[in-house]
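These notes are about the structure you will find just below.
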Amino acid sequence: MTLRVYNTLGRKKEIFEPIEAGKVRMYVCGPTVYDSCHIGHARSVVVFDVIVRYLEAAGYAVTYVRNFTDVDDKIIKRASEMGIGTAQLAEKFIAEFYRDMDALNIRRATVEPRATEHIDAIVQVIERLFEKDLAYVVDGDVYFSVTDFADYGKLSGRKLEDMEAGARVDVDDRKRNPFDFALWKSAKPGEPSWKSPWGRGRPGWHIECSAMSGVFLGESFDIHGGGKDLIFPHHENEIAQSEGAFGKPFAKYWIHNGFVNINQEKMSKSLGNFLMIRDVLESYHPESVRLFLLSNHYRSPIDFSDRAMDESTTALDKIYALMERFEEISAAENSGALWNSFREAMDDDFNTARGIGIVFDAVRNLNRLLDENLVPASEPELRSAKADLLKIGDILGILQEAPKQYFEKKKSRGLEKSAVDPETIEKLIAERLAARKSKNWARADEIRDFLAGHNIVLEDRPEGTVWKIKE
RNA sequence: GGCGGCAUAGCCAAGUGGUAAGGCAGCGGUCUGCAAAACCGUUAUUCUCCGGUUCAAAUCCGGAUGCCGCCUCCA
């Protein structure tokens, strides 16, 4: 099987061949820690989490680096507003990041470096840029000279001349070219700063990624990822810095995820519609959120709405309901046909949407087999499918709970808002059973209607009556 | 002004030139005392529109229209 990946650099799908056979070195831009994480952060982090899980399942040894930007203008501004230090602010939001991402069952990256821990490496890269005549100093600030880097614009497909014609750039006469960007910013009084050959200051935004990827992955590596909005200028500038300094190709494959819209609107400050992860998790199961985020191809925009989330929740319930049906059946040792189909979908640029479709195909087929009561004859098929579903669940980051536990938790959450308690429900179910035995259908239906009114639905199964929370 | 993306059923959505996955909702059925769940069937002769290439196009090319993103901090 061959993995194909859409490479932003070149704008087409390419066969994935890592620089070193069997190993993948990957860098993804993490958050600037000045605020809580929103659902858009969640998408990016979930998408790359799944990519790492899949690469590992495909047999690669993955070194995954995801940074924290813990010093920058926004952090300085917010910290001074809150009357705390920048380090303290960063610490607070890094802790929040972990709380949100752990809840979403995101695995930790191999290395999670912070910009402020790598000032030396940053300074060294800037010094290399001076050696190559790609950097210059103005009043203690250091800039990268874009006109001296021939490939500038190759990732985003822009030409300097075209962009200058657009003239939507703030004019700074000190810069040689409007697109020159800061490598090092001199410190104003009260700002966090570090010693450098150009005076006390702090790194520009882009340089930390060039420096830290160099430290942990080397001067050339396989995959660089992030949100689509980072293509320009952030990633374009990283390429300029790294290739300028090291004289080697930087990342081989560039992967960018699309945005999350909220009810068909972009999240923006003016609309005030930033949707934070912790708020989403108030209302929805983390696995519903993951399933939702993976239900579109990662490069397409996805629209968050209560309706879409309810659909994902229904979908997740459906898969868990099947898992519950085969609780008695033990999973096979080896992976089978279902896993192969899923792999085929994932090999096509991590097409989780197609992969999820394949899962539902399987769910339907398996329910049919179970309905037909052909369990002895179809047992090998069921065992194999169960193993594959669990394996797929491990890639998507779903099905991590025992089905019984999943439904129990759902019940207790649902009952928090309900006027009835489990004892009452069980009592009524027993009463209804007695009524049904004596063919008192009126009383039986009355009980069922009463519970339905409290958002509780009954299922009369061969082995007895169970109750569930309605959506 | 520059660069890029998208347009598939009521809704969401996959689709690698060879005859439209999957989910949700709806309708009909099997099962059931009746339901629920599950399953079966049904819901796009057609993929925004107009041209072109081809034996063959949702898929490739050109054009039109409509949405969206980036170019300023942004996942």
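Letters A, B, ... mirror the listed sequences (proteins, then strands); counts begin at 1.
Between Phe216(A) and Arg25(A) the shortest side-chain heavy-atom distance does not fall below 4.5 Å. Counting only heavy atoms from C-beta outward, the side chains of Leu322(A) and Leu389(A) approach each other to under 4.5 Å. Here the side chains of His41(A) and Ser36(A) are not in contact, with every heavy-atom distance at 4.5 Å or above.
When both pairing distances are held under 3.5 Å, rG69(B) makes a Watson-Crick or G-U pair with rC3(B). Base pairing annotation: rA58(B) forms no Watson-Crick or G-U wobble pair, as no partner gives both donor-acceptor distances under 3.5 Å. Of all nucleotides present, only rA38(B) satisfies the Watson-Crick or G-U wobble test against rU30(B), with each distance under 3.5 Å. rU19(B) makes up no base pair with any nucleotide shown, lacking Watson-Crick or G-U wobble contacts both under 3.5 Å. Summarising the base pairing, rG10(B) is matched to rC24(B) through a Watson-Crick or G-U wobble pair whose two defining distances lie under 3.5 Å. Across all strands shown, rA44(B) remains unpaired; no Watson-Crick or G-U wobble contact has both distances below 3.5 Å.
Proximity of Lys470(A) to the phosphate of rA36(B): no side-chain N or O atom is located under 4.0 Å from OP1 or OP2. The phosphate of rC39(B) has neither OP1 nor OP2 within less than 4.0 Å of any side-chain N or O from Arg364(A).
Residues passing the side chain to side chain contact (heavy atoms under 4.5 Å, CB included) test with Arg383(A), sequence neighbours excluded: Ile329(A), Ser330(A), Ala332(A), Glu379(A). When the salt bridge (Lys or Arg N to Asp or Glu O under 4.0 Å) test is applied to Glu381(A), no partner is found at least two apart in sequence or on another chain. With sequence neighbours excluded, the residues satisfying salt bridge (Lys or Arg N to Asp or Glu O under 4.0 Å) with Lys404(A) are Glu327(A). Evaluation of the side chain to side chain contact (heavy atoms under 4.5 Å, CB included) rule for Arg325(A) yields Asn367(A), Leu370(A), Asp371(A) as partners, not counting sequence neighbours. For the side chain to side chain contact (heavy atoms under 4.5 Å, CB included) test, residues two or more places apart in sequence or in another chain that qualify with Thr424(A) are Asp421(A), Leu428(A). Every residue meeting the side chain to side chain contact (heavy atoms under 4.5 Å, CB included) condition with Ser305(A), not counting sequence neighbours, appears here in chain and number order: Asn263(A), Arg307(A), Ala308(A).
No engagement by Arg66(A) is indicated, since no non-hydrogen atom pair under 4.0 Å with the nucleic acid exists. Looking at heavy-atom distances under 4.0 Å, Asp445(A) makes contact with a base. Arg299(A) comes within 4.0 angstrom of nothing in the nucleic acid, heavy atoms only. Asp460(A) comes within contact range of at least one nucleobase, with a heavy-atom separation under 4.0 Å.
In this structure, Phe16(A) and Tyr253(A) have tilted ring planes: the angle between them lies in the 30° to 60° band. Between Trp254(A) and His235(A), the angle of the ring planes lies from 30° to 60°, which puts this pair in the tilted group.
Rounded to whole Å, the separation between the C1' atoms of rA58(B) and rC6(B) comes to 14 Å. Rounded to a whole angstrom, the distance from the C1' atom of rU42(B) to that of rU48(B) is 27 Å. rA14(B) and rC49(B): their C1' atoms are spaced 24 Å apart (whole Å). Rounded to whole Å, the C1' atom of rC24(B) lies 11 Å from the corresponding atom of rA13(B). Rounded to whole Å, the separation between the C1' atoms of rG69(B) and rG63(B) comes to 23 Å. Between rC40(B) and rG22(B), the distance separating the two P atoms is 10 Å to the nearest Å. Nucleotides rC73(B) and rU59(B) are separated by 39 Å at their P atoms, to the nearest Å. To the nearest whole angstrom, the two C1' atoms, one in rU43(B) and one in rA36(B), are 24 Å apart.
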Below 3.5 Å, can you tabulate the donor-acceptor pairs from side chains in residues 279-286 of chain A to any protein atom, sequence neighbours excluded?
from, atom 1, to, atom 2, distance (Å)
Tyr284(A), OH, Asp306(A), OD1, 3.0
His285(A), ND1, Glu287(A), N, 2.9
His285(A), NE2, Glu401(A), OE2, 2.7

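Checked against rG23(B), rC39(B), rC24(B), the side chain of Ala315(A) finds its nearest nucleotide in rG23(B). Picking from rC34(B), rG22(B), rC71(B) the nucleotide with the shortest atom distance to the side chain of Phe179(A) gives rC71(B). Side-chain proximity of Asp371(A) to rA38(B), rC11(B), rG22(B): nearest is rA38(B). Looking at the side chain of Arg307(A), the nearest of the listed nucleotides rC39(B), rC11(B), rG33(B) is rC11(B).
Thr352(A) contributes a side-chain N or O that, together with a main-chain N or O of Leu294(A), makes up a donor-acceptor pair within less than 3.5 Å.
Proximity of the aromatic rings of Phe304(A) and Phe292(A) is defined here by a centroid distance below 6.0 angstrom, and this criterion is met. Side-chain rings of Tyr98(A) and Phe68(A) approach one another, their centers coming within less than 6.0 Å.
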I'd like a list of close polar pairs between nucleotides 46-48 of chain B and the protein, N/O only, cut-off under 3.5 Å.
none

Show the distances under 3.5 angstrom between N or O atoms of the protein and N or O atoms of nucleotides 41-44 of chain B.
none

Could you go through nucleotides 73-75 of chain B and list every protein N or O atom that sits under 3.5 Å from one of its N or O atoms, giving the distance for each pair?
from, atom 1, to, atom 2, distance (Å)
rC73(B), O3', Lys74(A), NZ, 3.3
rC73(B), O2', Lys74(A), NZ, 2.6
rA75(B), OP1, His41(A), NE2, 2.9
rA75(B), O5', His41(A), NE2, 3.3
rA75(B), O2', Gly227(A), N, 2.6
rA75(B), N1, Val260(A), N, 2.8
rA75(B), N3, Gly40(A), O, 3.2

If you restrict it to nitrogen or oxygen atoms, what contacts under 3.5 Å exist between nucleotides 15-20 of chain B and the protein, and what is each distance?
from, atom 1, to, atom 2, distance (Å)
rG15(B), OP1, Asn351(A), ND2, 2.7

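Each of Arg343(A), Arg354(A), His297(A) was scored for a side-chain contact (heavy atoms from CB on, under 4.5 Å) with Asp348(A), with one residue passing: Arg354(A). Each of Tyr152(A), Phe181(A), Phe179(A) was checked for a ring pair (Phe, Tyr, Trp, His ring centres under 6.0 Å) with Phe144(A), and the lone residue meeting it is Phe181(A).
Contact check of residues 95-116 of chain A against RNA chain B (heavy atom, cut-off under 4.0 Å) returns no residues at all.
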> Step by step, would you call Arg53(A) with Asp394(A) a salt bridge (Lys or Arg N to Asp or Glu O under 4.0 Å)?
Replying inline: CA-CA 8 Å; Arg53(A) 288 166 185 247; Asp394(A) 286 341; 5.7 Å; no
>> Evaluate Glu208(A) against Arg114(A) for salt bridge (Lys or Arg N to Asp or Glu O under 4.0 Å), listing each step before the verdict.
In response: CA-CA 9 Å; Glu208(A) 62 177 89; Arg114(A) 306 175 187 189; over 6 Å; no
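Positionally, the nearest nucleotide of RNA chain B for Asp361(A) lies more toward the 5' end than for the other of Asp361(A) and Arg432(A).
With rounding to whole Å, Phe292(A) atom CZ is found 14 Å from rC24(B) atom C1'.
The ring of Trp441(A) lies on top of the base of rG33(B), close enough and flat enough: under 5.5 Å between centres, under 30° between planes.
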